[in-house]
> 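One structure is given below, represented as structure tokens, and several questions about it will come after.
Chain identifiers are assigned alphabetically (A, B, ...) following the order of the sequence lines, protein sequences preceding nucleic acid strands; residue numbering begins at 1 within each chain. Just so you know, these numbers come straight off a predicted model, no measurement behind them. Heavy-atom basis, side chains included; hydrogens, waters and symmetry copies ignored.
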Number of protein chains: 2
Amino acid sequence: MNLSEAEWTVMNAVWSKAPASVRDVQDRVGAERGWAHTTVKTMLDRLVAKGALREKKRANASIYEPRISREEARTSALRALLTRSFDGSFGSLVHHIVSEERLSKKERERLARQLGDDDAEERP
Amino acid sequence: MNLSEAEWTVMNAVWSKAPASVRDVQDRVGAERGWAHTTVKTMLDRLVAKGALREKKRANASIYEPRISREEARTSALRALLTRSFDGSFGSLVHHIVSEERLSKKERERLARQLGDDDAEERP
DNA sequence: GGCTATCTTCTACGTTTGTAGAAGATGCCT
DNA sequence: AGGCATCTTCTACAAACGTAGAAGATAGCC
């Protein structure tokens, strides 16, 4: 599932509050983007067509909910980035982060701990 | 500098052998993509227009070389990914990698070491 | 039962991306 | 000098993306 920039914006809004009406999404997204109501609706419809959202009708209005999880979408996006830009390898990505991104020592250690930690998965 | 999929393909070819002629790029890229000669040329021209490549004329032919480094481009691409898809934070990215990507324990440890290692920068 | 507010559907249009042919320019070989 | 092999320039076109107005459908209120 390949999402465009604008589509990510919409999906982020839906993931953070689903199910969501057009108005819900616009409240969240209109602020940062200043989109017209119909623009938001168009985006939502295209995402339904793409299979990223599911649409239900309540009375005359549509409500939307994710059909793919944020994690799934992240996985695709990351994979695409690795392939295009990092020789397809996590190693290149991490190397880049270490050598190019200005991380404090503390930050780097935090990330390293996160990575090395077996139980990092789901912890309440 | 925001590069598209196809542009990344071309840039990767140029970075790995610069300066490069249209033919050089096509030899590298035509294989995996099967592009026509003029398609490659169009891409190169667009990248010049964008400022990603510099064009020189040798006799009647053009040769191209990068104007931005692979690292710079990687930085932009990574930043864009973080912003769009990972709440703008490295933490979310690393968390995703740990919990969603199927890495072996060994692989995870290797990456963690890479991250934690002070001297990971440039070592001959 | 009609009005108004709200939603949706349809349509559209400019830009970017991906892809490439036709035609014109240039240089090299004999 | 003529011709072949190359290169470049111009132009095009379809699909995807970003954005949105006009017009039609609904529903709740008085």
> Tell me: CD1 of A:Ile63 to P of C:dT6, nearest whole Å?
19 Å
> Which residues within residues 2-28 of chain A lie with some heavy atom under 4.0 Å of an atom in DNA chain C?
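Those residues are A:Val22, A:Arg23.
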> Measure CG/A:Asp45 against C1'/C:dA12 and give the value in whole Å, please.
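Atom-to-atom, A:Asp45 to C:dA12, this comes out as 16 Å.
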> Minimum heavy-atom separation for A:Ala73 and A:Leu3, please, with both atom names.
CB-CD1, 4.1 Å
> At under 4.0 Å, does any side-chain N or O of B:Ser62 touch on OP1 or OP2 of D:dT8?
yes
> What I'd like to find out is whether the side chain of A:Arg58 reaches to under 4.5 Å of the side chain of A:Ser21, using heavy atoms alone.
no
> Can we say A:Lys106 and A:Glu109 salt-bridge, meaning some charged N sits less than 4.0 Å from an Asp/Glu carboxylate O?
no
> Please examine the side chains of B:Thr9 and B:Glu32, heavy atoms only from C-beta on, and report whether any two atoms are closer than 4.5 Å.
yes
> For B:His37 and C:dA23, give me the distance from atom NE2 to atom C1', rounded to whole Å.
14 Å
> Is there a donor and acceptor pair closer than 3.5 Å between the side chain of A:Arg33 and the base of D:dG18?
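Flag unset: no donor-acceptor pair detected.
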> Would you mind reading off the distance between A:Arg58 atom CZ and C:dT8 atom P, rounded to a whole angstrom?
12 Å
> Can you find a side chain N or O atom of B:Lys57 that sits less than 4.0 Å from OP1 or OP2 on D:dT9?
yes
> For B:Thr42 and B:Lys50, take the nucleotide of DNA chain C holding the closest heavy atom to each; which residue's nucleotide lies nearer the 5' end?
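Comparing both residues, the 5'-ward one is B:Lys50.
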> So, are B:Glu101 and B:Arg108 salt-bridged, with charged N and O less than 4.0 Å apart?
no
> Verify the contact: side-chain N or O of A:Lys41 to OP1 or OP2 of C:dT9, cut-off strictly under 4.0 Å; return yes or no.
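Looking at the OP1 and OP2 atoms of C:dT9, one of them is under 4.0 Å from a side-chain N or O of A:Lys41.
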> Give the intermediate values and the outcome of salt bridge (Lys or Arg N to Asp or Glu O under 4.0 Å) for residues B:Asp27 and B:Arg23.
CA-CA 6 Å; B:Asp27 287 350; B:Arg23 197 59 60 181; 5.7 Å; no
> Does a side-chain heavy-atom distance below 4.5 Å link A:Gln114 with B:Leu115?
no
> Tell me which one of A:Leu47, A:Ile63, A:Asp24, A:Leu53 satisfies side chain to side chain contact (heavy atoms under 4.5 Å, CB included) with A:Val14.
A:Leu53
> Check whether any side-chain N or O of A:Thr39 sits under 4.0 Å from OP1 or OP2 of D:dT19, and answer yes or no.
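No, because none of the side-chain N or O atoms of A:Thr39 sits under 4.0 Å from OP1 or OP2 of D:dT19.
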> May I ask you to decide whether B:Glu100 forms a salt bridge with A:Arg70, counting only side-chain N to carboxylate O separations under 4.0 Å?
no
> Is it the case that D:dT19 (base atoms only) and A:Arg46 (side chain only) share a donor and an acceptor within less than 3.5 Å, ignoring hydrogens and angles?
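Present.
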> To the nearest Å, how far apart are A:Met43 CE and C:dC10 P?
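Interatomic distance, CE of A:Met43 to P of C:dC10: 18 Å.
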> Might you list the N or O atoms of the protein lying below 3.5 Å from N or O atoms in nucleotides 24-30 of chain D, with each pair's distance?
none

> Take atom CG of A:Leu44 and atom P of D:dA20, then tell me their distance rounded to the nearest Å.
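Going from A:Leu44 (CG) to D:dA20 (P), I get 14 Å.
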